[in-house]
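In what follows, a single structure is set out as structure tokens and then discussed.
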Amino acid sequence: MAMDLTFLGTGSAYPSPARGASALVLRREGECWLFDCGEGTQTQLMRSHLRAGRITKIFITHLHGDHFFGLPGLLCTLSLQSSPDPDKPPVDIYGPLGLRDFLSHTLELSHSQLLFPYAVHELVPTPDQCPAGEFRDFSSPWGREGDPARGPGGRILSLGPGQSSYLLEEDEQVVLRAFRLFHRIPSFGFVVEEKPRPGKLNVQKLQDLG
């Protein structure tokens, strides 16, 4: 399995002419997974060798603007470059609780209609992920059920008793997990773990060599 990383932005707080805000792409098996999407990420993508249309998963570490203010614009640009396809699988977006409402309201207020499906899977943080007084409960700021204008759904992922990480996805090759980080606001790290692969032995050759 081949994987490579491309850093699109390593700056903090705001983008500059020489350095983009936080964003990196993991390319795997023909897919692109985007980790964080700071302002200017789509411009950085255009300058790179990557194809934005191959993005199938997006992961947002936390809800500081320099890590996700570029997301609505990127989604709209991807839509402009897309054609309607009812059979296309959704773009999966993972991030802290509150991200779904942000995207839903931003797209609604800007009258943006995406031509591809997407699903936002939210990680429920714990109060010990940030200093006392900074924790906010975004479990239901505007209501979540029964309003089709709020956009597509997704999973709500919480830690169970004794669990230290969130299981996001798993296939035959990798396990994808999130874990808690301490920051000024709740933050998450992501781990892409390759599963062990059994080796192959040429039994006849071993026998011939004694």
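The shown structure was predicted, so the numbers you read here are calculated from the model rather than taken from an experiment. Computed over heavy atoms, backbone and side chain alike; hydrogens, waters and symmetry mates excluded.
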Which pairs with one or both residues in [range] pass salt bridge (Lys or Arg N to Asp or Glu O under 4.0 Å), sequence neighbours excluded?
range: residues 75-92; answer: Lys57-Asp92
range: residues 191-203; answer: Glu170-Lys195, Glu194-Arg197
range: residues 125-134; answer: Asp128-Arg180
range: residues 14-28; answer: Asp4-Arg27, Arg28-Asp171

Considering residues, nucleotides and ligands other than Gln113, do more than 12 of their heavy atoms fall under 6.0 Å from its CD? no
Verify the neighbour count for atom CZ of Phe179: are there more than 12 heavy atoms of other residues, nucleotides or ligands below 6.0 Å? yes
So if you build clusters from Ile, Leu, Val, Met, Phe, Trp, Tyr with side-chain heavy-atom gaps below 4.5 Å, do [X] and [Y] land together?
X: Leu114; Y: Leu80; value: no
X: Val174; Y: Leu5; value: yes
X: Leu157; Y: Leu159; value: yes

From [atom1] ([X]) to [atom2] ([Y]), nearest 0.5 Å:
X: Arg155; Y: His121; atom1: CZ; atom2: NE2; value: 5.5 Å
X: Met3; Y: Leu26; atom1: CE; atom2: CG; value: 6.0 Å
X: Leu97; Y: Ser139; atom1: CG; atom2: OG; value: 6.5 Å

Would you say that Leu34 contacts Leu24 through its side chain, given a criterion of any heavy-atom pair below 4.5 Å between the two side chains? no
Less than 4.5 Å apart, side chain to side chain, heavy atoms only: is that true for Val91 and Pro117? no
Contacts of [X] that satisfy side-chain hydrogen bond (donor to acceptor under 3.5 Å, both in side chains) - sequence neighbours left out:
X: Arg54; value: none
X: Ser158; value: none
X: Thr6; value: none
X: Arg184; value: His64

Listed pairs under 3.5 Å, donor-acceptor, residues 43-51 side chains, sequence neighbours left out:
residue	atom	partner	partner atom	Å
Gln44	OE1	Arg47	NH1	2.9
Gln44	NE2	Leu8	O	2.7
Ser48	OG	Leu45	O	2.8
Ser48	OG	Leu50	N	3.1

Passes side-chain contact (heavy atoms from CB on, under 4.5 Å), Ile93 versus Leu99? Steps please. CA-CA 9 Å; Ile93 304 173; Leu99 181 59; 3.8 Å; yes
May I have all residue pairs that pass ring-ring contact (aromatic ring centres under 6.0 Å, His included) and include part of residues 191-210, sequence neighbours excluded? none
Any side-chain donor-acceptor pair under 3.5 Å between Thr61 and Asp36? yes
Side chain to side chain contact (heavy atoms under 4.5 Å, CB included) involving Glu29 - partner list, sequence neighbours excluded: Met1, Gln173
Checking Phe59 now: which residues fulfil ring pair (Phe, Tyr, Trp, His ring centres under 6.0 Å) with it, not counting sequence neighbours? Phe35, Tyr94, Phe190
